[in-house]
Amino acid sequence: MSVSRRALLTTAAGTAVAATSIAPPAQAAQKAPGHAATLGETADYTVAKLRAVAPGVSGFPVGTKFEKWTYSQNGDWVGGFWPGTLWMAWLHSGEERFRTLALASAEKLAPRQNDTGTHDLGFLFYPSWVTAWRLTGDDTWRTGAIRAASSLIRRYNPQGRFIRAWGALNDPANAGRVIMDTMMNLDLLAFASSQTGDGKYLDIAVEHARTTQRNFPRPDGSTPHVYDFDPASGAPLGPGTVQGYSPSSCWSRGQAWGIYGFTTIYRRTGHREFLTTARKLADFALGALSPDHVPVWDYLAPQAPHDIKDASAGAVMACGLLDLSRATGEPRYREEALKLLTALSETCLTRKSTRADAVVARCTRNRPSEDGIEISLPYADYYLLEGILRVLRPDDIDRAIDLSTV
C-alpha cells in the first residue's frame, strides 16, 4: 500500500471514529454557560429550518425575495456556503441527511475548479470541498480544492503583488482592482501549500495580505472596500468602493472580512504583523457598533448608526473575533463575539415567519445599488452557525475548517 493511500485510509478512519462521537446538543451547550441556552436554541432552530427547507433547494441560494431563496445554478460567488451550512448542521445534529445533501451540493461546484475569472474560489471551495475532505477523507475533494487554488493564483499580479478581484484575466477593466473580501479567499492557498508542499500558493497569499495591509487600513483602523492599483506598474492609485457608501467610508461586511481574514493568515504563517492588523480593524469595528450589536451596513455612512442593518456583517465579525481572541489570548474579543451572536439570535432570526427559507434576516447585500436591502443571505446563515459551533463545539469545528496555528 502506498504512503498516500495509507494516509488517506488513516484520515478516513479517524474521521469515521470522530463522527460517531459528536456530542449531543445539550452536552455541547454546557461548554458555554450564560450564552449556551440562547446559542443552543439558535443552532437547533437552524437545524430544524434546514431539515424542512433543504430537500426542496434546487440550486445554490444567493439571497431571498419575499423570504424565499432565489438560486444560482453555478454557485455565483456564494456557492460554497450552502454545502458549508449543511456540514455545520451535520456537526451539530449528527443527522446523516445533512452529510448526504452537503456532498451532493458540493459536487455541483466541480466545474468551477478551473474558473480563472473570479477571486472568490476560496469562498466557493473552502466551506464545501476542503471541509468535505476534512470530514470524509475522500481525496477527490482535496484534489479539487488544490486545482481551484491553482486557478486562483493565476489572478496574481506580481508587479503590484496582489490578486485582482474582478474580471477575466484578459479584460483590462478592473485589472488593478483589489477588494477587502479577497482576504477570505487566501486560506484556500494556504491549504494548497500545506497539502502539496509547494510554497508558491502561500507565498502569493502572504504577498497579497501585505499589499492589503499596507494600503487599506486608515490610522483609525477603518478600511475602504476597494483599493486600485496601476496594473502595469503595480503603483497604488487610491481607495474606492462598490458596496460601501464612499471611498472614505467603512463598509461593515468588508471590515468583518478583514478581521477574519487577517487573523486567519496570521494563523497560517505566524507573522505577527497580520495579527496586529486584525486587532486594529477589530477595535475600530467594536467602537463603531451601536448598543444593539447589529452592525449598520456602513459604519461611516452619514446616517450611521441610524441606518440599514447588515446582520451578515455581524455573523462574519463574530467568527473573526472568536478566532482573534484565541490567537491573542484576549478574552474581550470573545466576549464581544458572544454579544454579537446573542444579538443576532435574539433580534435577527426568522422565527416568527411561516414563509422564510433562511435563518437570518436583516441582511443587506449591496446598499448603493439598492440590491437586497434587509433580506436573507446564505453567508449569514453559514457564519452564524459556524460562530455558534465555535463556542459550543470547538473540537468539531476544528475538524471541519482547521483552527490550528503554526
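If you're wondering where the values come from, they're calculated on a predicted model, not measured in any experiment. Quick note: residue numbers are just sequence positions, from 1.
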Ignoring hydrogens, what is the shortest heavy-atom contact between Leu341 and Ala318? Give both atom names and the distance. CD2-CB, 3.6 Å
Whether over 12 other heavy atoms sit under 6.0 Å from Glu207 CD: yes
Could you check if a side-chain atom of Asp138 sits within less than 4.5 angstrom of a side-chain atom of Leu103, using non-hydrogen atoms only? no
Nearest heavy-atom neighbours spanning Ala106 and Pro83: N-CB, 4.0 Å
For the CZ atom of Arg390 and the CG atom of Asp396, what is their distance to the nearest 0.5 Å? 13.0 Å
If I compare all heavy atoms of Leu189 with all of Ile153, which pair ends up nearest, and what's the gap? CD2-CG2, 3.5 Å
Test of understanding: with side-chain hydrogen bond (donor to acceptor under 3.5 Å, both in side chains), list the residues that count as partners of Arg99, not counting sequence neighbours. none
What's the verdict on side-chain contact (heavy atoms from CB on, under 4.5 Å) for Trp129 and Gln113, showing C-alpha distance, side-chain angles and the deciding distance? CA-CA 10 Å; Trp129 286 52; Gln113 297 169 57; 3.4 Å; yes
Centroid-centroid distance, Tyr71 to Trp82, less than 6.0 Å: no
Listed by chain and number, what are the side-chain hydrogen bond (donor to acceptor under 3.5 Å, both in side chains) partners of Thr211, not counting sequence neighbours? Arg214
Could you grab the distance from atom CG of Asp323 to atom CZ of Phe262, nearest 0.5 Å is fine? 14.0 Å
Tyr126 side chain to Ile401 main-chain N or O, any donor-acceptor pair under 3.5 Å? yes
So, do His208 and Met183 sit near enough that their side-chain heavy atoms are less than 4.5 Å apart? yes
Does a side-chain N-to-carboxylate-O contact under 4.0 Å join Asp171 and Arg164? no
Determine, for Arg142 against Asp139, whether the closest basic-nitrogen to carboxylate-oxygen distance falls under 4.0 angstrom. yes
Quick one: SG on Cys319 to CG on Leu324, what's the gap to the nearest 0.5 Å? 12.5 Å
Pair Asp120-Asn185, side-chain contact (heavy atoms from CB on, under 4.5 Å): steps then yes or no: CA-CA 6 Å; Asp120 284 317; Asn185 290 308; 3.4 Å; yes
Stepwise, does the salt bridge (charged side-chain N to carboxylate O under 4.0 Å, His left out) test hold for Glu335 with Lys339? CA-CA 6 Å; Glu335 292 163 4; Lys339 290 178 184 177; over 6 Å; no
Keeping Asp228 on the side-chain end and Leu237 on the backbone end, is there a donor-acceptor pair under 3.5 Å? no
Taken to the nearest 0.5 Å, the spacing of Thr100 OG1 from Glu95 CD works out to 11.0 Å
For Ser404, is there any backbone N or O sitting under 3.5 Å from a side-chain donor or acceptor partner on Arg268? yes
Does a side-chain heavy-atom distance below 4.5 Å link Asp292 with Thr347? no
Under the criterion side-chain contact (heavy atoms from CB on, under 4.5 Å), I'd like the reasoning laid out for Trp133 against Phe191: C-alpha separation, chi angles, the key distance, then a yes or no. CA-CA 12 Å; Trp133 175 71; Phe191 173 79; 3.9 Å; yes
Within a strict 4.5 Å, meaning less than it, do heavy atoms of the Leu152 and Tyr201 side chains meet? no
Can a side-chain donor-acceptor contact be found between His92 and Asp44 if the only test is distance below 3.5 angstrom? yes
Does any donor atom in the side chain of Asp298 or Ser249 lie under 3.5 Å from an acceptor atom in the other side chain? yes
Do you see a donor-acceptor pair shorter than 3.5 Å between the side chains of Tyr45 and Thr350? yes
Residue pair Thr42 / Arg351, side-chain heavy-atom distance below 4.5 Å: yes
Using the ring pair (Phe, Tyr, Trp, His ring centres under 6.0 Å) definition, which of the options Trp87, Phe60, Phe125, Tyr383 pairs with Phe81? Tyr383
What are the two closest non-hydrogen atoms of Gly63 and Pro378, and how far apart are they? N-CD, 4.0 Å
Is Tyr245 close to Leu300 at the side-chain level, that is, under 4.5 Å between some pair of heavy atoms? no
Criterion side-chain contact (heavy atoms from CB on, under 4.5 Å) on Met317 and Glu336, from CA distance to verdict: CA-CA 10 Å; Met317 184 176 166; Glu336 292 295 334; over 6 Å; no
Whether Asn174 side chain and Arg177 backbone form a donor-acceptor pair below 3.5 Å: no
Any chance the side chains of Ser290 and Lys309 put a donor and an acceptor closer than 3.5 Å? yes
Distance from Arg365 atom CZ to Ser376 atom OG, nearest 0.5 Å? 10.5 Å
Shortest non-hydrogen contact from Thr182 toward Ala165: OG1-CB, 4.5 Å
Option passing ring pair (Phe, Tyr, Trp, His ring centres under 6.0 Å) with Phe123 (candidates Tyr382, Tyr260, Trp257): Trp257
Might you confirm whether atom CZ of Arg154 has over 12 heavy atoms from other residues, nucleotides or ligands at distances under 6.0 Å? no
Do the non-hydrogen side-chain atoms of Arg112 and Asn74 ever get within less than 4.5 Å of each other? yes
Considering only distance and modelled atom types, tabulate donor-acceptor pairs under 3.5 Å from the side chains of residues 277-286, sequence neighbours left out.
residue, atom, partner, partner atom, Å
Thr277, OG1, Gln213, NE2, 2.7
Thr277, OG1, Glu273, O, 3.1
Arg279, NH1, Glu330, OE2, 3.2
Arg279, NH2, Glu330, OE2, 2.4
Lys280, NZ, Arg218, O, 3.4
Asp283, OD1, Arg332, NH1, 3.3
Asp283, OD1, Arg332, NH2, 3.2
Asp283, OD1, Tyr333, OH, 2.8

Is the shortest heavy-atom distance from the side chain of Arg326 to the side chain of Arg267 under 4.5 Å? no
Between Lys108 and Gly79 (side chain of the first, backbone of the second, donor and acceptor by atom type, cut-off under 3.5 Å), is there such a pair? no
Quick one, Trp77 with Tyr379, criterion ring pair (Phe, Tyr, Trp, His ring centres under 6.0 Å). Give me CA distance, side-chain angles, the key distance, then yes/no. CA-CA 11 Å; Trp77 74 270; Tyr379 34 95; 5.0 Å; yes
I'd like to know if the side chain of Arg155 reaches the main chain of Thr116, judged simply by a donor and an acceptor atom lying under 3.5 Å from each other, with no hydrogens or angles considered. yes
Nearest 0.5 angstrom please: Ile375 CD1 to Glu67 CD, how far? 11.5 Å
Would you say Thr131's side chain and Ala400's backbone share a donor-acceptor pair under 3.5 angstrom? yes
Donor-acceptor pair, side chain of Glu386 and main chain of Met88, under 3.5 angstrom: no
Looking at Asp371, is its backbone amide N or carbonyl O close enough to the side chain of Ser369 to form a donor-acceptor pair, meaning the two atoms are under 3.5 Å apart? no
Can you name the closest pair of heavy atoms from Ala148 and Leu121 and give their distance? O-CD1, 3.4 Å
Using atom types as modelled and distance alone, determine if a side-chain donor or acceptor of Ser193 lies under 3.5 Å from a backbone N or O of Asp198. yes
With respect to Trp297, which candidate in Asp307, Asp310, Thr364 satisfies the side-chain hydrogen bond (donor to acceptor under 3.5 Å, both in side chains) definition? Asp307
